[in-house]
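Structure record follows, encoded as structure tokens.
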Protein chains: 2
Amino acid sequence: MVTGRAASPPTHTNAEDPIVFVIDDDASVRDALSNLFRSVGLRTVAFGSAHEFLQHKPADVPSCLILDIRLPRLSGLDFQAELAKAGIHIPIIFMTGHGDIPMTVRAMKAGAVDFLTKPFRDQDMLDAVTTAIERDRNRRDEAKVLANLRAAFASLTPRERQVMTLVTAGLMNKQVAAEIGVAEITVKIHRGQIMRKMAAKSLPDLVRMAEILGIGQASGRAQT
Amino acid sequence: MVTGRAASPPTHTNAEDPIVFVIDDDASVRDALSNLFRSVGLRTVAFGSAHEFLQHKPADVPSCLILDIRLPRLSGLDFQAELAKAGIHIPIIFMTGHGDIPMTVRAMKAGAVDFLTKPFRDQDMLDAVTTAIERDRNRRDEAKVLANLRAAFASLTPRERQVMTLVTAGLMNKQVAAEIGVAEITVKIHRGQIMRKMAAKSLPDLVRMAEILGIGQASGRAQT
DNA sequence: GGGCGGACCATACTTAGGTTTAGCCGCAAC
DNA sequence: GTTGCGGCTAAACCTAAGTATGGTCCGCCC
């Protein structure tokens with residue numbers, strides 16, 4: 001699982017490798033964690049505060065965030081909420097020396113990967129990081145697919161989007177034509193254009209794209 | 001949300017209403033919770049042990065389970081694992097007087113709805129129950145749809161299942177025919193039979209069914 | 001005002017999808 | 001041993017889908 005180049009120089013920074021971010025106001029904690037992660041070949045970047053982390057431009061690789069629940073200015077929990085509100089969905093692993101159960105519940109409900117009490121075993125932290133990175137990798141892959149689909153869908157004209165919705169809902173060309181008040185031949189032309197622009201290789205393919213885009217199944221039909 | 005018949009006799013048991021199950025070895029806790037839930041019109045059934053709960057035949061309505069983490073024989077956490085292993089997916093709300101963070105994390109990771117520390121506010125418990133019931137309702141709805149689809153798919157002959165897989169993957173009839181080594185006309189016959197047995201109103205409809213059943217997209221073909 | 005793109009439509013043609021009717025083969029159940 | 005079913009196929013026929021080619025109309029931008 002680890003890349004096997006663990007013994008290479010500390011700043012090899014291959015753009016493919018995941019990154020672990022650490023935020024803790026205690027430098028000794030940061031160093032200990034950095035050493036732990038580097039010992040298994042994981043790129044690590046540590047910050048002394050949430051603010052510093054936000055300055056850092058987000059790298060475009062799978063990553064996760066190790067966070068002490070008791071941060072200087074902003075609490076770890078509040079920072080988690082901030083990130084979510086800002087649309088940053090990096091998986092978070094909390095650690096705490098004096099946490100309580102309500103905090104834990106709140107963090108986990110908000111999607112935290114794990115919540116470790118200090119002192120924790122190195123292996124527990126590494127397991128949590130593995131899970132977190134994997135989760136982020138999946139999320140990024142899905143986001144990428146979705147972004148591509150959305151871009152393609154946005155390149156359709158309004159009419160084409162409308163036809164795509166009706167076609168993927170299962171209507172025949174003539175039904176689509178009647179629905180929007182045009183000739184059947186016009187629908188066929190739109191349809192061909194849709195297949196090209198969306199790069200769909202078949203109707204089932206297009207239907208799956210529509211599913212991912214969340215098009216049409218809720219409305220049912222015959223409204224508006 | 002509540003049915004509005006809260007003042008009716010204690011055992012009106014309309015089959016539509018959700019049920020809250022309570023397991024606690026302390027009778028006073030059981031009574032207090034039962035009273036709380038009944039005061040807002042929720043059917044409630046309480047048990048003194050996990051064993052008693054398992055004896056009870058599971059009602060076919062949305063429900064949830066309130067569980068003390070410290071159960072007599074089996075711990076609440078282990079019981080949660082038992083239920084999961086047995087394929088019983090009722091949402092669980094834990095409560096505890098002396099819980100710790102690792103327990104909380106384990107419970108939440110395993111899908112618990114909430115983890116309340118005693119003493120808790122009534123409203124917190126009611127909120128958790130509302131969430132849990134809603135979650136179970138959704139899960140049941142999805143399970144029902146899935147079960148119906150599986151039944152329909154099981155009614156297909158092996159050949160029909162194979163053809164459905166290929167057709168929903170986007171292959172044309174002639175390609176399917178070549179793939180399985182039969183004449184195109186045979187594929188058409190199978191296909192018509194599939195549409196009837198699956199009660200699909202259109203190809204997009206069938207594709208969506210295949211998606212839910214998890215058929216065929218992994219195998220791919222002609223990608224990239 | 002000319003060019004451009006979106007939307008529309010017609011004719012003509014080809015391919016794909018789908019049904020009906022009818023029949024053959026093999027196998028398992030009765 | 002006959003009946004039923006799954007699987008297969010053919011012929012005939014019809015509808016649906018898709019692709020040119022060619023053209024109109026409208027609004028927008030430079």
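Reminder, nothing fancy here: chain letters follow the sequence lines and each chain counts from 1.
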Inset, instruction - Name the residue closer to the 5' end of DNA chain C, choosing between A:Glu184 and B:Glu184 according to the nucleotide with the nearest heavy atom. - result: A:Glu184

Inset, instruction - Figure out the CD1/P separation between A:Ile180 and C:dG6, and round it to whole Å. - result: 16 Å

Inset, instruction - Would you check if the side chain of B:Arg161 reaches a backbone N or O of B:Phe153 as a donor-acceptor pair within less than 3.5 Å? - result: yes

Legend entry - B:Arg159 CZ - C:dC27 C1' separation (whole Å): 16 Å

Inset, instruction - For C:dC8, take OP1 and OP2 only and decide whether either is under 4.0 Å from a side-chain N or O of A:His190. - result: yes

Inset, instruction - Could you check A:Lys188 against B:Ala183 and say which one's nearest nucleotide on DNA chain D is further toward the 5' end? - result: B:Ala183

Inset, instruction - Under 4.0 Å from any atom of DNA chain C, heavy atoms only: list the residues of residues 194-203 of chain B that qualify, in numerical order. - result: none

Legend entry - B:Gln175 CD to C:dG17 P, straight-line distance once rounded to whole Å: 9 Å

Legend entry - side chain to side chain donor-acceptor pair (under 3.5 Å) evaluation trace for A:Asn138 with A:Glu142: CA-CA 6 Å; A:Asn138 292 337; A:Glu142 283 171 20; over 6 Å; no

Inset, instruction - Keeping to residues at least two apart or across chains, list the salt bridge (charged side-chain N to carboxylate O under 4.0 Å, His left out) pairs with something in residues 183-203 of chain B. - result: B:Glu160-B:Lys197, B:Lys201-B:Asp205

Inset, instruction - Say whether, by atom type as modelled, one donor and one acceptor occur between the side chain of B:Arg150 and the main chain of B:Leu213 under 3.5 angstrom. - result: no

Inset, instruction - Take the protein atom CD1 of A:Ile185 and the nucleotide atom C1' of D:dG18, then report the distance between them rounded to whole Å. - result: 8 Å

Inset, instruction - Establish, with yes or no, whether the OP1 or OP2 oxygen of C:dG5 is under 4.0 angstrom from a side-chain nitrogen or oxygen of A:Thr157. - result: no

Inset, instruction - Answer yes or no: is there a donor N or O on one side and an acceptor on the other, between the side chain of B:Arg30 and the main chain of B:Ala46, under 3.5 Å? - result: no

Inset, instruction - List the atom of A:Pro91, the atom of A:Ser63, and the distance in Å for their closest heavy-atom pair. - result: CD-O, 3.4 Å

Inset, instruction - Identify the two heavy atoms, one from A:Ala199 and one from A:Met209, that lie closest to each other, and give their separation to 0.1 Å. - result: O-CE, 3.9 Å

Inset, instruction - Return the value, rounded to whole Å, for the distance between atom CD of A:Gln193 and atom C1' of D:dA17. - result: 16 Å

Legend entry - Interatomic distance where CG belongs to B:Leu156 and C1' belongs to D:dG6 [whole Å]: 13 Å

Inset, instruction - When you get a sec, tell me which of C:dT15, C:dC9, C:dA7 is the closest nucleotide to the side chain of A:Ile189? - result: C:dC9

Legend entry - N/O (side chain, B:Asn173) to phosphate O (OP1/OP2, C:dG17) under 4.0 Å: yes

Legend entry - Atom-to-atom span, NZ of B:Lys174 to C1' of D:dG18 - whole angstrom: 13 Å

Legend entry - Length of the CE-P vector between A:Met172 and D:dG18, whole Å: 13 Å

Inset, instruction - Would you classify B:Thr186 as touching base, sugar-phosphate or nothing, given that sugar-phosphate means primed atoms plus P, OP1 and OP2, and contacts are heavy atoms under 4.0 Å? - result: base

